[in-house]
Amino acid sequence: MHTHHCDVLILGAGPAGLAAALAAARCGRQVIILDDNPRPGGQIWRDGPRVQLPALARRYQSAVANAPNIRLLSGARLIARPSAQSVLYETAEKSGIVHWQRLILCCGARELFLPFPGWTLPGVTGAGGLQAQIKHGLTLRGERVVIAGSGPLLLAAASTVGKAGGKVVAVIEQAPRAALLRFAAGLWRWPDKLRQLCTLMPGHLHTASQVIEARGEDRLQTVLVRHAGETREIPCDRLATGYGLIPNLEPGLIFGCATLHDALRVDEQQRTSVENIFAAGECTGFGGSELALAEGEIAGYVAAERPEAARQAIARRQRWRRFARALNRTFILPDALKQVVTPQTLLCRCEDIRCGDVQDATCWQEAKLSQRCGMGACQGRSCAASARWLYGWPLPQPREPLSPARTETLIALAKSAP
Ligand SMILES: Cc1cc2nc3c(=O)[nH]c(=O)nc-3n(C[C@H](O)[C@H](O)[C@H](O)COP(=O)(O)OP(=O)(O)OC[C@H]3O[C@@H](n4cnc5c(N)ncnc54)[C@H](O)[C@@H]3O)c2cc1C
């Protein structure tokens with residue numbers, strides 16, 4: 001068991017975490033970053049053998065690597081909170097405890113999946129999940145790919161698929177055409193985003209449309225798409241779906257941080273409701289990497305007690321908050337999307353629980369206790385959010401350990417209890 005001490009602990013090495021670390025380190029603080037990925041960069045700058053990272057990402061990574069007062073613990077998952085100012089983590093080889101003075105939560109977001117008939121067939125993945133596989137070396141060599149759901153991640157995924165040799169046969173976006181046109185017309189305020197949209201715009205974009213079923217024997221062969229009451233079948237080899245992102249709240253919740261609209265609640269200085277705990281980036285709400293960088297920098301300076309150094313970042317945050325609001329307005333999910341779910345639709349793929357098995361439950365805890373929903377290998381990482389969106393259940397309080405852990409780590413947790 002390793003024990004570390006630091007002034008500022010940062011959970012997450014995405015854009016927000018890297019910016020927070022550099023700001024706090026510039027003020028002379030001893031910083032530790034804990035991240036469960038093998039390399040820093042988070043989701044958007046996920047590194048891998050097939051990845052050519054943008055110059056900005058490389059600048060942040062090398063600045064962090066060269067800062068003598070930043071220590072990066074990669075491949076390290078947060079397991080529990082042994083005390084009010086420490087965390088227990090686990091890597092493939094060891095476990096350890098970090099004692100901190102200030103904590104900055106930069107733990108990002110994950111994809112929201114909407115279950116529909118056939119969504120667990122081999123060949124169906126998340127849109128970001130397929131991107132991650134490609135970045136880790138998957139090639140698609142002429143495979144026909146349908147990308148479906150909602151939000152800008154679909155366009156990013158389509159571009160990644162094209163670069164990996166796949167053929168994007170359709171991008172199915174639930175938002176109506178009018179909303180997308182309004183959004184595009186307002187992009188002159190963010191010229192880089194307008195340029196990005198022009199580069200990424202796919203040829204086969206279908207708006208106001210939804211995949212209602214994935215079909216195939218042993219693996220995916222076709223998808224059924226509904227548009228304006230009509231249904232058509234598209235042959236394909238892969239389907240990548242995603243209905244936007246949901247903040248990773250669990251680390252904040254185990255420390256008692258308050259939430260607002262299913263994101264960690266922060267004030268203008270990125271402080272959470274708990275003293276000495278800050279949050280930045282997409283665990284505080286969806287807004288893109290530019291907003292995450294600005295928020296991370298502010299949190300880093302404020303945590304290091306140099307709030308006056310955050311002035312420029314505060315102006316940047318203002319600009320990107322407006323962009324985030326425009327995004328969130330455009331890609332809002334209407335309740336009508338839920339109509340694809342049938343009682344037979346699989347909800348928890350680890351434990352084989354169908355939507356009909358839990359439809360009378362009144363909360364996540366009840367679904368877990370009565371049906372084992374979410375009690376399998378992934379511990380409800382995807383089905384808990386899907387179920388909450390489908391049934392409007394209250395936000396559940398996570399329990400420690402936050403993820404499956406080795407016995408020695410659990411023993412260490414018991415021994416470290418105050
Ligand atoms: C799957 C996915 C793919 C995306 N792809 C794109 C894209 O191609 N283009 C784009 O513009 N935007 C993309 N986004 C959006 C993008 O993630 C954000 O705009 C930006 O990266 C947010 O930065 P962040 O620092 O807030 O969080 P993230 O980049 O998500 O970083 C959070 C980090 O915290 C780590 N973490 C979380 N919980 C724990 C824990 N318990 N223990 C240890 N570490 C933890 C995560 O592994 C991650 O490394 C994607 C999002 C997702 C979820």
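These numbers were taken from a predicted model, which means no experiment stands behind them.
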**Study point:** Interatomic distance, Ile172 atom CD1 to Gln210 atom CD [nearest 0.5 angstrom]
**Key:** 10.5 Å
Practice item. Working to the nearest 0.5 Å, report the span between CG of Leu390 and CG of Leu114. Key: 6.0 Å
Exercise for review: Decide whether a cation-pi geometry holds between Arg322 and Trp190; the criteria are a distance under 6.0 Å from NZ or CZ to the six-membered ring centre and an angle within 45° of the ring axis.
Suggested key: no
**Study point:** Backbone of Pro115 reached by a side-chain donor or acceptor of Thr345 within 3.5 Å
**Key:** no
Review point. With sequence neighbours left out, what residues match Thr362 under side-chain hydrogen bond (donor to acceptor under 3.5 Å, both in side chains)?
Key: Glu366
Review point. Judged by atom type as modelled, is there a donor-acceptor pair below 3.5 Å linking the side chain of Thr3 to the main-chain atoms of Ile97?
Key: no
**Study point:** Taking every non-hydrogen atom, the tightest pair across Pro404 and Ala377
**Key:** CG-O, 3.9 Å
Practice item. Tell me, please, which residues at least two apart from Gln359 pass side-chain hydrogen bond (donor to acceptor under 3.5 Å, both in side chains). Key: none
Exercise for review: Verify whether one side chain among Tyr89 and His4 offers a donor that lies under 3.5 Å from an acceptor in the other.
Suggested key: yes
Point to revise | Pair Ser209-Gln174, side chain to side chain donor-acceptor pair (under 3.5 Å): steps then yes or no | key: CA-CA 5 Å; Ser209 304; Gln174 64 78 27; over 6 Å; no
Review point. Take atom CD in Gln312; do more than 12 heavy atoms of anything else shown fall under 6.0 Å from it?
Key: no
Revision key, fill the gap. So side chain to side chain donor-acceptor pair (under 3.5 Å) across residues 372-389, not counting sequence neighbours, yields Asp262-Arg388, Glu351-Arg372
Exercise for review: Mind checking the CD1-CZ spacing from Ile79 to Arg406? Nearest 0.5 Å is all I need.
Suggested key: 8.5 Å
**Study point:** Nearest-0.5 Å distance, CG of residue Leu9 to CG of residue Asp7
**Key:** 11.0 Å
Review point. Can any side-chain N or O of Gln397 pair as donor or acceptor with the backbone N or O of Leu253 at less than 3.5 Å?
Key: yes
Check your understanding: Crowded around Arg319 CZ? As in, over 12 foreign heavy atoms under 6.0 Å?
Key -> yes
Scan the side chains in residues 13-34 for donor-acceptor partners under 3.5 Å anywhere in the protein, sequence neighbours excluded, and list what turns up.
| from | atom 1 | to | atom 2 | distance (Å) |
| --- | --- | --- | --- | --- |
| Arg26 | NH1 | Tyr301 | OH | 2.7 |
| Arg29 | NH1 | Cys27 | O | 3.2 |
| Arg29 | NH2 | Ala304 | O | 2.7 |

**Study point:** Counterpart residues, side chain to side chain contact (heavy atoms under 4.5 Å, CB included), relative to Leu138 (two or more places apart)
**Key:** Leu130, Gln133, Ile134, Leu140, Arg238
**Study point:** salt bridge (Lys or Arg N to Asp or Glu O under 4.0 Å) partners for Arg316, two or more places apart
**Key:** Glu297
Check your understanding: Can you check whether Cys6's main-chain N or O pairs, donor with acceptor, with His99's side chain at less than 3.5 Å?
Key -> no
**Study point:** Partner set under side chain to side chain contact (heavy atoms under 4.5 Å, CB included) for Ile314, not counting sequence neighbours
**Key:** Ile298, Ala310, Arg317
Using a 3.5 Å cut-off and no angle test, enumerate the donor-acceptor pairs between side-chain atoms of residues 278-286 and protein atoms at least two apart in sequence or in another chain.
| from | atom 1 | to | atom 2 | distance (Å) |
| --- | --- | --- | --- | --- |
| Glu282 | OE2 | Gly287 | N | 3.1 |
| Glu282 | OE2 | Gly288 | N | 2.8 |
| Thr284 | OG1 | Gly281 | O | 2.6 |
| Thr284 | OG1 | Glu295 | OE1 | 3.3 |

Review point. Can you list every side chain to side chain donor-acceptor pair (under 3.5 Å) pair that touches residues 31-41, not counting sequence neighbours?
Key: Asn37-Arg46
Study note, to complete from the structure: For Glu173 and Gly151, the nearest pair of non-hydrogen atoms, with its separation, is OE1-N, 2.9 Å
Check your understanding: Can you list the steps and then say if Glu275 with Arg102 is a salt bridge (Lys or Arg N to Asp or Glu O under 4.0 Å)?
Key -> CA-CA 9 Å; Glu275 202 179 352; Arg102 304 271 192 282; over 6 Å; no
Review point. Is the count of non-hydrogen atoms from other residues, nucleotides or ligands lying under 6.0 Å from Arg399 atom CZ greater than 12?
Key: no
**Study point:** Distance-only donor-acceptor check, side chains Gln365 and Lys368, under 3.5 Å
**Key:** no
Exercise for review: Write out all pairs satisfying side chain to side chain donor-acceptor pair (under 3.5 Å) with one or both partners inside residues 243-261, taking only residues at least two apart or from two chains.
Suggested key: Arg110-Asn248, Arg110-Glu250
Exercise for review: Output all residues satisfying side chain to side chain contact (heavy atoms under 4.5 Å, CB included) with Arg215, sequence neighbours left out; order by chain, then residue number.
Suggested key: Glu213, Thr222, Leu224, Glu233
Review point. Going from CZ on Phe255 to CG on Asn276, what distance comes out if it is rounded to the nearest 0.5 angstrom?
Key: 11.5 Å
**Study point:** Set of side-chain hydrogen bond (donor to acceptor under 3.5 Å, both in side chains) partners for Gln339, sequence neighbours left out
**Key:** none
Check your understanding: Glu111 side chain to Gly128 main-chain N or O, any donor-acceptor pair under 3.5 Å?
Key -> yes
Check your understanding: Would you call Arg195 and Asp192 a salt bridge, taking side-chain N to carboxylate O under 4.0 Å as the test?
Key -> yes
Practice item. Could you tell me how the ring of Phe323 sits relative to the ring of Phe183: parallel (under 30°), tilted (30 to 60°) or perpendicular (over 60°)? Key: tilted
**Study point:** Leu187 CG to Cys198 SG distance, which is reported to the nearest 0.5 Å
**Key:** 8.5 Å
